[in-house]
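Here, residue 1 is the first one in the sequence, and each next residue gets the next number.
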Amino acid sequence: VFPQLSLLSLTPHRTLRVLPHKPHEVTANNQLQELPYNELSRLRGLRTLNLHNNLISSEGLPDEAFESLTQLQHIYVAHNKLSAAPQFLPRSLRVADLAANQVAEVFPLTFGEKPALRSVYLHNNQLSNAGLPPDAFRGSDAIATLSLSSNRLSYLPPSLPASLERLHLQNNLISKVPRGALSRQTQLRELYLQHNLLTDSGLDAATFSKLHRLEYLDLSHNRLASVPAGLPRTLVVLHLGRNHIRQVEAARLRGAKGLRYLLLQHNRLGASGLPARALRPLRGLHTLHLYGNGLDRVPLALPRRLRALVMPHNHVAVLGARDLAATPGLTELNLAYNRLASAHVHHRAFHRLRALRSLDLAGNQLTRLPTGLPAALHTLRLQHNRLRTLEPELLAGLEQLRELSLAHNRLRVGDIAPGTWHELQALQVLDLSHNELSFVPPDLPEALEELHLQGNRIGSVGPEAFLGTPRLRALFLRANRLHMTSISAEAFLGLPHLRVVDTADNLEQVLVRLPSTVPHRPRQGPEPRGT
């Protein structure tokens with residue numbers, strides 16, 4: 001008998017099918033199918049019951065099983081085969097985890113009348129609104145976390161605990177939040193409603209207006225055609241991605257003055273859906289995501305304090321002299337996979353972005369490097385363009401640049417002007433993969449640690465190829481035109497940090513001898529991810 005046992009953990013043991021005679025000795029995954037009342041009643045002092053990942057059905061967990069467990073605080077029955085929640089759980093309970101079962105019904109005293117209950121996890125079950133009674137949480141006034149995600153709820157349940165701080169309702173069938181359903185949840189900080197069926201008619205101006213402490217609201221992957229009204233001023237993060245939003249109205253955002261992160265990716269804004277000054281009420285906005293909206297220009301009059309503008313996969317074809325002038329504090333700008341051609345990028349487009357650290361212009365139609373690149377840049381991505389030349393004056397002043405991607409362009413060694421790399425004294429990662437290089441470019445930056453040359457036309461590597469890069473750690477020469485003897489035996493002398501040389505998929509197998517090591521065979525793993 002174990003009346004003073006405080007923890008019973010029955011996970012994970014693959015052969016146990018009944019409660020053991022000495023349960024405190026078991027800590028492995030099980031196949032328990034039932035929990036007999038007479039066995040459990042011996043454990044009167046039990047505080048934690050862990051039955052996670054067994055085969056227990058509702059029939060194997062009788063209602064009277066918990067009558068004697070008056071000190072139970074934590075119960076974990078996730079990943080079993082329960083079709084209904086226990087009708088009664090002890091009043092002393094603090095945490096209840098019934099996730100990943102087949103629960104379709106909850107009873108008033110399953111979670112009700114539990115003054116110490118703080119967390120309830122019911123996600124990944126079969127709960128509909130009919131299976132969740134109106135008084136399911138009555139008398140449990142301390143619940144802070146409630147997870148009902150991945151069920152079959154069609155509307156937001158009424159009578160939720162007023163004490164809630166985190167409410168998970170994602171991955172349901174919710175098309176409506178009834179009026180007043182969230183009027184008492186004034187402590188709520190995080191609300192997750194993504195991946196539902198919400199439309200504009202399923203919300204009203206008062207839906208969120210009483211949530212005076214709400215900081216995080218996720219409404220992504222729904223069917224909203226506009227930004228919801230009545231957003232609280234405390235909101236910090238608003239996810240609206242993957243909806244049907246065609247217009248952003250300043251009036252809808254006026255109340256959310258504390259918003260810092262606005263995510264609007266994959267909506268239907270088009271050329272006119274984000275008019276000038278629409279976001280001006282959001283004076284403290286830090287990050288704006290506009291990925292995949294069919295925008296043909298950078299939105300005008302963005303909030304001055306904006307730090308990250310992320311709008312790849314749009315239709316931006318022109319970058320004017322003043323398009324970014326309103327946001328001088330930008331540190332990240334992503335305009336990848338738009339329609340920018342060199343002739344339509346003004347030479348002063350980046351002039352005021354003195355704080356810019358990351359610039360992504362990949363996947364455009366650039367034939368030469370943009371002029372006037374900010375001196376503070378750390379990362380510059382220009383892969384998948386149509387670059388044919390590199391000129392040193394266009395990289396002049398980029399003394400802080402650490403990563404430069406020029407992959408998938410049309411560069412030849414003769415098109416890289418002498419002195420191109422001269423001022424890139426901090427450059428550590430250089431990606432020249434998938435170009436038309438016939439040998440290793442000369443005079444590479446001394447600080448270089450990672451060099452990508454895969455997918456070129458390199459037929460030989462001479463003894464002086466890496467004399468100027470003593471810090472090189474990784475070199476990728478995969479898929480070139482190298483033969484067994486194409487690499488000089490002296491090529492890697494003076495490279496004490498070199499650990500990776502990838503020469504796979506060349507014309508012949510190339511053996512590489514690193515300094516002071518035995519011969520290394522080429523790596524045969526997948527090609528390093530291009531940027």
What's the separation between atom [atom1] in [X] and atom [atom2] in [Y], rounded to the nearest 0.5 Å?
| X | Y | atom1 | atom2 | value |
| --- | --- | --- | --- | --- |
| S460 | L482 | OG | CG | 8.0 Å |
| Q247 | S272 | CD | OG | 6.0 Å |
| L160 | L169 | CG | CG | 7.0 Å |
| L401 | L395 | CG | CG | 7.5 Å |
| T199 | N243 | OG1 | CG | 10.5 Å |
| E190 | D218 | CD | CG | 11.0 Å |

Looking just at side-chain N and O atoms, do [X] and [Y] make a donor-acceptor pair shorter than 3.5 Å?
| X | Y | answer |
| --- | --- | --- |
| R213 | Q187 | yes |
| H123 | S147 | yes |
| Q126 | R152 | yes |

For this session: Taking only Lys NZ, Arg NE, NH1 and NH2, and the carboxylate oxygens of Asp or Glu, determine whether D415 and R388 approach each other closer than 4.0 Å.
Result: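 Salt bridge: no.
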Problem set entry | Salt-bridge contact E449-R471 (side-chain N to carboxylate O under 4.0 Å) | no
Is there a side-chain contact between [X] and [Y] (heavy atoms, below 4.5 Å)?
| X | Y | answer |
| --- | --- | --- |
| K257 | R283 | no |
| P228 | L240 | yes |
| E436 | R410 | yes |
| V500 | F476 | yes |
| L203 | F208 | yes |
| H244 | R246 | no |
| H422 | P392 | no |
| L359 | F350 | yes |

[X], [atom1] atom: more than 12 neighbouring heavy atoms under 6.0 Å:
| X | atom1 | value |
| --- | --- | --- |
| D443 | CG | no |
| R179 | CZ | no |
| E464 | CD | no |
| R223 | CZ | no |
| H344 | NE2 | no |

For this session: Describe, in one word, how the ring planes of H408 and H384 are oriented to each other, choosing from parallel (under 30°), tilted (30 to 60°) and perpendicular (over 60°).
Result: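 Correct class here is parallel.
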Exercise. For the side-chain contact (heavy atoms from CB on, under 4.5 Å) test, which of L173, L153, I174 pairs with N196?
Worked result: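 So, applying the side-chain contact (heavy atoms from CB on, under 4.5 Å) to N196 and each of L173, L153, I174, only I174 qualifies.
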Donor-acceptor contact present, side-chain [X] to main-chain [Y], <3.5 Å:
| X | Y | answer |
| --- | --- | --- |
| N435 | L437 | no |
| N338 | L340 | no |
| S163 | I143 | yes |
| T469 | L448 | no |
| D502 | R478 | no |
| D505 | Q454 | no |
| S342 | L366 | no |
| R499 | P496 | yes |
| N409 | N385 | yes |
| N222 | L193 | yes |

For this session: Please lay out, stage by stage, how F466 and L475 fare under the test side chain to side chain contact (heavy atoms under 4.5 Å, CB included).
Result: CA-CA 10 Å; F466 307 109; L475 172 64; 3.5 Å; yes
Search all heavy atoms of [X] against all heavy atoms of [Y] and return the closest pair with its distance.
| X | Y | answer |
| --- | --- | --- |
| N101 | A99 | ND2-O, 3.1 Å |
| A205 | S209 | O-CB, 3.9 Å |
| L406 | L430 | CD1-CD1, 4.5 Å |
| S486 | G459 | OG-O, 3.1 Å |
| S154 | N129 | N-OD1, 2.8 Å |
| L274 | A278 | CD1-CB, 4.3 Å |

For this session: Determine, using ring centers only, whether H239 and Y216 are less than 6.0 Å apart.
Result: yes
For this session: For side chain to side chain contact (heavy atoms under 4.5 Å, CB included), just list the numbers for D431 and Q383, CA-CA rounded to whole Å, side-chain angles, deciding distance to a tenth of an Å, and then say yes or no.
Result: CA-CA 9 Å; D431 191 346; Q383 67 268 26; over 6 Å; no
For this session: Evaluate the criterion side chain to side chain contact (heavy atoms under 4.5 Å, CB included) for residue pair L148 and L132; output intermediate values, then yes/no.
Result: CA-CA 10 Å; L148 290 165; L132 197 64; 4.2 Å; yes
Exercise. For E215, which of R189, R233, R260 qualifies under salt bridge (Lys or Arg N to Asp or Glu O under 4.0 Å)?
Worked result: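 In the set R189, R233, R260, the residue that makes a salt bridge (Lys or Arg N to Asp or Glu O under 4.0 Å) with E215 is R189.
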For this session: Determine, step by step, whether R381 and E403 satisfy the side chain to side chain contact (heavy atoms under 4.5 Å, CB included) criterion, reporting the C-alpha distance in whole Å, the side-chain angles of both residues, the deciding distance to 0.1 Å, and the verdict.
Result: CA-CA 8 Å; R381 296 186 175 95; E403 181 178 344; 4.0 Å; yes
Exercise. Which residues satisfy the salt bridge (charged side-chain N to carboxylate O under 4.0 Å, His left out) test with R297, sequence neighbours excluded?
Worked result: D323
Problem set entry | Residue list, side-chain hydrogen bond (donor to acceptor under 3.5 Å, both in side chains) with H266, at least two apart or on another chain |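 Residues passing side-chain hydrogen bond (donor to acceptor under 3.5 Å, both in side chains) with H266: R242.
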Contacts under 3.5 angstrom, residues 306-321 side chains, donor-acceptor by atom type, not counting sequence neighbours:
{"unit_1": "R307", "atom_1": "NH1", "unit_2": "R305", "atom_2": "O", "d": "2.8"}
{"unit_1": "N314", "atom_1": "OD1", "unit_2": "N293", "atom_2": "N", "d": "2.8"}
{"unit_1": "N314", "atom_1": "OD1", "unit_2": "G294", "atom_2": "N", "d": "3.0"}
{"unit_1": "N314", "atom_1": "OD1", "unit_2": "L295", "atom_2": "N", "d": "3.0"}
{"unit_1": "N314", "atom_1": "ND2", "unit_2": "L290", "atom_2": "O", "d": "3.1"}
{"unit_1": "N314", "atom_1": "ND2", "unit_2": "M311", "atom_2": "O", "d": "3.1"}
{"unit_1": "N314", "atom_1": "ND2", "unit_2": "P312", "atom_2": "O", "d": "3.2"}

